[in-house]
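Below: the structure, in structure tokens.
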Amino acid sequence: MKTKPIQPTMTAAYYTQCVISFGIALTSVAVGIAYLPVNPWVRAFLGVGVMYTVTTAFALAKCVRDRQELGNMHSRVDQARLEKLLSEHDPYKVDGV
């Protein structure tokens with residue numbers, strides 16, 4: 001019997017919550033940097049640092065996702081090979097007769 005692996009799903013509410021949470025976090029950091037009592041060049045430095053952190057976080061998330069998908073693909077290929085071997089195997093066949 002062939003069982004289909006359970007695929008994780010993401011609800012629209014969870015996706016919306018993640019997007020809103022990210023927006024609030026980024027906005028609050030931007031407002032905090034804008035109202036810091038420091039020179040403009042310090043604000044610019046902190047702003048660039050935050051943007052660099054955000055872009056590298058997206059890149060890291062993509063790498064983790066890609067690595068997980070690659071692992072799932074290898075698993076599916078191995079499963080298909082095993083199923084092919086099992087379907088072709090005849091336990092009653094005698095070699096050399």
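For the single chain, residues carry numbers from 1 onward in sequence order. All of these numbers come straight from a predicted model, not from anything done at the bench.
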Taken in chain and number order and not counting sequence neighbours, the residues that satisfy side chain to side chain donor-acceptor pair (under 3.5 Å) with Asp66 are Lys62
Contacts of Leu70 meeting side-chain contact (heavy atoms from CB on, under 4.5 Å) (sequence neighbours excluded), chain-then-number -> Met73, His74
Please tell me whether Phe58 and Leu26 are part of a single hydrophobic cluster in this structure, the criterion being side-chain heavy atoms less than 4.5 Å apart.
yes
So with a 6.0 Å cut-off around CZ of Arg67, is the heavy-atom count from everything else above 12?
no
The complete set of side chain to side chain donor-acceptor pair (under 3.5 Å) pairs with one or both residues in residues 46-60, sequence neighbours excluded, reads none
Under 3.5 Å, which donor-acceptor pairs link side chains of residues 10-24 to any protein atom two or more places apart or in another chain?
residue	atom	partner	partner atom	Å
Thr11	OG1	Tyr14	N	3.2
Thr16	OG1	Ala12	O	2.8

Ignoring hydrogens and angles, write down the donor-acceptor pairs under 3.5 Å from the side chains of residues 31-48, residues two or more places apart or on other chains.
residue	atom	partner	partner atom	Å
Arg43	NE	Ala34	O	3.2
Arg43	NE	Leu36	O	3.3
Arg43	NH2	Leu36	O	2.9
Arg43	NH2	Val38	O	3.1

